[in-house]
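As structure tokens, the structure follows; a few thoughts come after it.
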Amino acid sequence: ERFDLVTNGQVLATLRIIDPDRIRRDLAVLRSELAVVRARMALDEARNDQNVEGIRAQWLEARVDLATARGSLENARPDLERTRRLRADNIISEAEFDLAQSAHDALAAEVQERSATVEGLAESVQRLSQLNRRDRGDAMDVVSDSLTAQEQSLAAQSTLTLEAPMDGVIKMVNHRVPGERVPGGAVPAVIPARHSERIVGY
């Protein structure tokens with residue numbers, strides 16, 4: 001809070017480093033690439049290849065949907081926590097809190113269902129791939145590698161701990177709400193020294 005005394009190295013805040021908007025944009029690009037790949041597959045004359053690649057495309061699409069759902073769930077968690085705090089302070093009604101809780105639970109259920117779908121399609125792809133070892137184009141592999149990178153980026157959400165750079169007093173707190181999005185370069189708090197080295201008078 002303002003005017004609190006802090007010491008050098010004291011933890012002031014914890015930030016979760018993630019840009020869900022960028023992840024959604026990248027996933028949208030992958031959706032477009034998958035659509036192009038599926039269109040090219042229509043020209044494939046081999047039925048077995050079409051079957052394997054068709055299920056593989058469904059698997060990749062399911063993974064895109066799962067990654068999108070996970071990103072939405074990560075965004076809903078701080079919103080739910082913020083709503084819970086507001087409800088505890090009687091700032092919002094119970095109905096508004098129930099609505100936020102229902103939205104969060106729906107996203108959690110969606111992630112669970114999509115995870116099961118991805119696992120089932122992965123098993124189908126593996127089984128059919130063992131039956132057909134013919135060479136295939138690398139377009140799906142490129143999309144799959146890109147999608148794996150996006151999934152790893154979503155899963156590896158790192159955190160950053162902000163510490164006081166010196167002994168001082170909290171003069172201003174610009175960001176204090178849990179779940180609030182803080183842009184890069186923003187000043188979360190202002191901490192002047194406890195004692196001035198000199199006084200300038202006019």
Side-chain angles (χ1 to χ4, degrees), residues 14-84 97-161 178-181:
T14 301
L15 302 180
R16 184 182 61 186
I17 303 176
I18 179 175
D19 187 356
D21 292 335
R22 180 185 60 80
I23 293 177
R24 280 194 291 267
R25 289 193 300 268
D26 294 341
L27 291 173
V29 172
L30 291 176
R31 282 185 196 276
S32 299
E33 294 177 356
L34 283 172
V36 172
V37 172
R38 287 173 63 89
R40 291 177 179 173
M41 285 169 47
L43 302 177
D44 192 352
E45 297 179 357
R47 180 180 296 273
N48 291 336
D49 284 347
Q50 287 180 346
N51 290 337
V52 173
E53 293 300 320
I55 295 178
R56 191 178 182 193
Q58 295 176 12
W59 173 53
L60 292 175
E61 289 175 349
R63 289 171 61 189
V64 170
D65 293 336
L66 176 59
T68 303
R70 284 174 175 168
S72 299
L73 179 60
E74 289 299 324
N75 285 338
R77 285 173 179 167
D79 291 339
L80 178 61
E81 181 62 26
R82 183 166 53 251
T83 305
R84 181 177 287 111
F97 173 76
D98 291 341
L99 184 61
Q101 182 71 56
S102 298
H104 176 272
D105 294 345
L107 288 172
E110 180 182 358
V111 168
Q112 183 177 2
E113 292 297 327
R114 292 192 184 281
S115 297
T117 300
V118 168
E119 292 176 1
L121 289 173
E123 293 176 359
S124 297
V125 169
Q126 183 177 6
R127 183 176 64 255
L128 292 176
S129 295
Q130 292 175 351
L131 298 176
N132 187 1
R133 296 296 184 182
R134 294 177 56 185
D135 294 336
R136 297 177 176 88
D138 61 352
M140 281 291 186
D141 293 331
V142 172
V143 176
S144 180
D145 292 342
S146 299
L147 182 55
T148 299
Q150 292 300 323
E151 290 173 334
Q152 293 173 350
S153 175
L154 185 62
Q157 297 173 13
S158 59
T159 58
L160 173 67
T161 301
E180 179 180 359
R181 183 174 298 183

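The basis for the numbers below is simple: all heavy atoms, side chains too, and nothing from hydrogens, waters or symmetry mates.
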Once you round to the nearest 0.5 Å, how far does OG1 of Thr68 lie from CG of Leu107? 11.5 Å

Heavy-atom count check: over 12 atoms from other residues, nucleotides or ligands less than 6.0 Å from Gln112 CD? no

Are Leu80 and Phe97 packed together at the side-chain level, in the sense that at least one heavy-atom pair is separated by less than 4.5 angstrom? yes

Indicate the atoms forming the closest heavy-atom contact of Ala62 with Leu121, along with that distance. CB-CD1, 3.8 Å

Test: salt bridge (charged side-chain N to carboxylate O under 4.0 Å, His left out). Region: residues 108-122. Which pairs qualify, not counting sequence neighbours? Asp65-Arg114, Glu110-Arg114

Taking all heavy atoms of Arg82 and all of Glu180, pick out the closest pair and write down the distance. NH1-N, 4.0 Å

Could you give the distance from OG1 (Thr117) to CD (Glu61), rounded to the nearest 0.5 Å? 12.5 Å

Could you pull out all residues at least two apart from Thr161 that satisfy side chain to side chain contact (heavy atoms under 4.5 Å, CB included)? Val11, Thr14, Glu163

Taking only residues two or more places apart in sequence or in another chain, which ones pass salt bridge (Lys or Arg N to Asp or Glu O under 4.0 Å) with Glu81? Arg84, Arg85

Identify the two heavy atoms, one from Leu66 and one from Val118, that lie closest to each other, and give their separation to 0.1 Å. CD2-CG2, 3.9 Å

Nearest 0.5 angstrom please: Ile55 CD1 to Leu60 CG, how far? 12.0 Å

